Amino acid sequence: PQKLSLQQNYPNPFNPQTSIYWTMPNSGKASIEIYNLQGKIVDVLFDGYKKLGKHEVVWNATAYPSGIYFYRLTIDDAKLHKKMILLR
């Protein structure tokens with residue numbers, strides 16, 4: 001990949017799980033966090049080292065109520081985020 005990118009989760013809306021995809025042009029520390037509408041972290045899907053390339057992580061939201069959530073990809077100083085909807 002030529003640049004850092006974060007794709008829209010699929011499916012969206014979802015119930016009870018969804019996949020989040022991103023690409024990294026360089027290897028490094030990466031994290032994917034899930035936030036509620038109040039801005040509180042409700043889950044950390046990944047926090048560690050990833051090699052360059054395409055990546056996927058699955059969020060199983062069985063324990064969470066319906067609503068709008070945000071997910072944020074952090075790699076070094078770069079932060080990308082998207083919105084997703086959990087429908088029961």
Side-chain angles (χ1 to χ4, degrees):
Q2 303 251 334
K3 66 177 188 169
L4 177 64
S5 68
L6 178 62
Q7 285 78 43
Q8 186 63 51
N9 64 300
Y10 183 82
N12 189 35
F14 68 97
N15 178 25
Q17 67 183 29
T18 188
S19 295
I20 297 170
Y21 305 91
W22 75 95
T23 58
M24 297 171 54
N26 301 305
S27 300
K29 184 178 179 342
S31 69
I32 295 276
E33 300 164 329
I34 307 295
Y35 293 82
N36 63 18
L37 276 175
Q38 290 76 37
K40 295 181 182 174
I41 294 177
V42 296
D43 209 348
V44 177
L45 303 183
F46 182 81
D47 186 21
Y49 183 84
K50 284 281 189 191
K51 292 186 177 184
L52 67 97
K54 296 179 181 181
H55 303 282
E56 173 190 4
V57 66
V58 175
W59 185 39
N60 185 333
T62 303
Y64 299 95
S66 294
I68 297 173
Y69 292 87
F70 299 92
Y71 56 102
R72 181 171 70 183
L73 168 66
T74 303
I75 298 175
D76 298 324
D77 293 332
K79 294 180 184 186
L80 302 172
H81 64 278
K82 300 267 185 193
K83 176 174 71 171
M84 60 184 162
I85 300 171
L86 171 58
L87 283 179
R88 300 261 178 222

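Here the structure is a predicted model, which is why all the values come from computation and not from measurement.
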Evaluate the criterion side chain to side chain contact (heavy atoms under 4.5 Å, CB included) for residue pair Y35 and V42; output intermediate values, then yes/no. CA-CA 5 Å; Y35 293 82; V42 296; over 6 Å; no

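Side-chain atoms of T23 do not come within 3.5 Å of backbone N or O of K54 as any donor-acceptor pair. D76 places no side-chain N or O within 3.5 Å of a backbone atom of G28 that could act as its donor or acceptor partner. Here the side chain of Q8 pairs a donor or acceptor atom with the backbone of K83 at under 3.5 angstrom. In this structure, R88 contributes its side chain and Y64 its backbone to a donor-acceptor pair below 3.5 Å. Panel note: side chain T74, backbone S31; no donor-acceptor pair is recorded below 3.5 Å. In this structure, the side chain of N60 engages the main chain of T62 through a donor-acceptor pair within 3.5 Å.
Hydrophobic clustering, with ILVMFWY side chains joined whenever heavy atoms are under 4.5 angstrom apart, keeps Y69 apart from V58. Taking hydrophobic clusters as Ile, Leu, Val, Met, Phe, Trp and Tyr residues chained together by side-chain heavy-atom distances below 4.5 Å, L6 does not share a cluster with V44. When the side chains of ILVMFWY residues are joined at heavy-atom separations under 4.5 Å, either directly or via intervening members, F70 and F14 end up in two distinct hydrophobic clusters.
Using a 4.5 Å heavy-atom cutoff, the side chains of S19 and N9 are not in contact. The shortest side-chain heavy-atom distance between M84 and T18 falls under the 4.5 Å cut-off. A heavy-atom distance below 4.5 Å is found between the side chains of M24 and I75. The side-chain heavy atoms of I32 and W22, taken from C-beta on, include a pair separated by under 4.5 Å. Using a 4.5 Å heavy-atom threshold, the side chains of I34 and I41 count as separate.
The distance from atom CG of L86 to atom CD of Q17, rounded to the nearest 0.5 Å, is 11.5 Å. Here CD1 of I20 is found 11.5 Å from NZ of K82. Values are rounded to the nearest 0.5 Å. Atom NZ of K40 sits about 15.5 Å away from atom CD of E33, to the nearest 0.5 Å.
Contact detail for L87 and P13: the closest heavy-atom pair is CD1-CB, 3.6 Å. For I68 against I85, the heavy-atom pair with the smallest separation is CG1-CG1, 4.2 Å.
By the 6.0 Å contact criterion, OH on Y21 is enclosed, its count of non-hydrogen atoms from other residues, nucleotides or ligands being greater than 12.
A ring-centre distance under 6.0 Å is not found for Y71 and W59.
Figure legend: cation-pi geometry between K50 and F46, with NZ or CZ positioned under 6.0 Å from the six-membered ring centre and within 45° of its axis.
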